[in-house]
Amino acid sequence: MSETWGIAELAAEFGVTTRTIRFYEDKDLIAPERRGQRRVYHLRDKVRLQLIMRGKRLGFSLDEIRAMVDLYDADPTEVSQLRLFLDKLRERKGLLTIQREDIDQVLKEIAAREAQCERLLSEKQTGAKRASN
DNA sequence: CTTCTTACA
DNA sequence: TGTAAGCA
């Protein structure tokens, strides 16, 4: 009764290439069953893939994702992984917040230099007109 | 034709 | 990760 999928099916479902899925396996994020040389994916593998994709969207590294996904497999209560996930989310939010502040600061300086350049340019242009007349 | 491994970019 | 080669 347990439905299984081939690598091509999952790749299509998750919008990635088969190369990507094998890559994640090579990084120990997933470990599909093997029937001979062929890989056979079960529901647990799809769930892990789902978690991997989510982690990727949030900007986590494959190492961080592996740590979180592994806990999902270990502790059934899901408490430890939720705590780790929460920690990672806050850490991620903190980094993004700092980066946004840095970007805002640079944009602010750019605006200032932009205005200065325009002012200087207009002064030189009007000055040139007076000189030619 | 699809999958797998391995190697290189 | 993409691409490509050589197998099964």
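These figures come from a predicted structure and were not determined experimentally.
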Length of the [atom1]-[atom2] vector between [X] and [N], whole Å:
X: A:Ile21; N: B:dT2; atom1: CD1; atom2: P; result: 16 Å
X: A:Trp5; N: B:dT3; atom1: CH2; atom2: P; result: 16 Å
X: A:Leu62; N: C:dT1; atom1: CG; atom2: C1'; result: 11 Å
X: A:Tyr41; N: B:dT2; atom1: OH; atom2: C1'; result: 13 Å
X: A:Phe23; N: B:dT6; atom1: CZ; atom2: C1'; result: 15 Å
X: A:Ile7; N: C:dT1; atom1: CD1; atom2: C1'; result: 13 Å
X: A:Glu9; N: B:dT2; atom1: CD; atom2: C1'; result: 12 Å
X: A:Gln37; N: B:dT6; atom1: CD; atom2: C1'; result: 13 Å

Taking only the side-chain nitrogens and oxygens of [X], find out if one of them lies under 4.0 Å from OP1 or OP2 of [N].
X: A:Arg22; N: B:dC4; result: yes
X: A:Thr18; N: B:dT2; result: no
X: A:Arg39; N: B:dT5; result: yes

Distance under 6.0 Å and angle within 45° of ring axis: A:Arg54 vs A:Phe85
yes

Using heavy atoms to find the nearest nucleotide of DNA chain B for A:Arg19 and A:Ala8 separately, return the residue whose nucleotide is more 5′.
A:Ala8

Side-chain heavy atoms nearer than 4.5 Å, only ILVMFWY residues, links allowed to pass through others: does that put A:Ile52 and A:Phe23 together?
yes

For residues A:Asp75 and A:Thr77, is any side-chain donor paired with an opposing acceptor at under 3.5 Å?
yes

Among B:dC4, C:dG2, B:dT3, which nucleotide has an atom closest to any side-chain atom of A:Arg34?
B:dC4

For the pair A:Glu64 and A:Arg66, find out whether any cationic side-chain nitrogen is under 4.0 Å from an anionic carboxylate oxygen.
no

In the structure shown, which nucleotide is the Watson-Crick or G-U wobble counterpart of C:dC7, with both distances under 3.5 Å?
none

Using Watson-Crick or G-U wobble geometry with both distances under 3.5 Å, which nucleotide pairs with B:dC1?
none

Should we count CZ of A:Arg34 as having more than 12 external heavy atoms under 6.0 Å?
yes

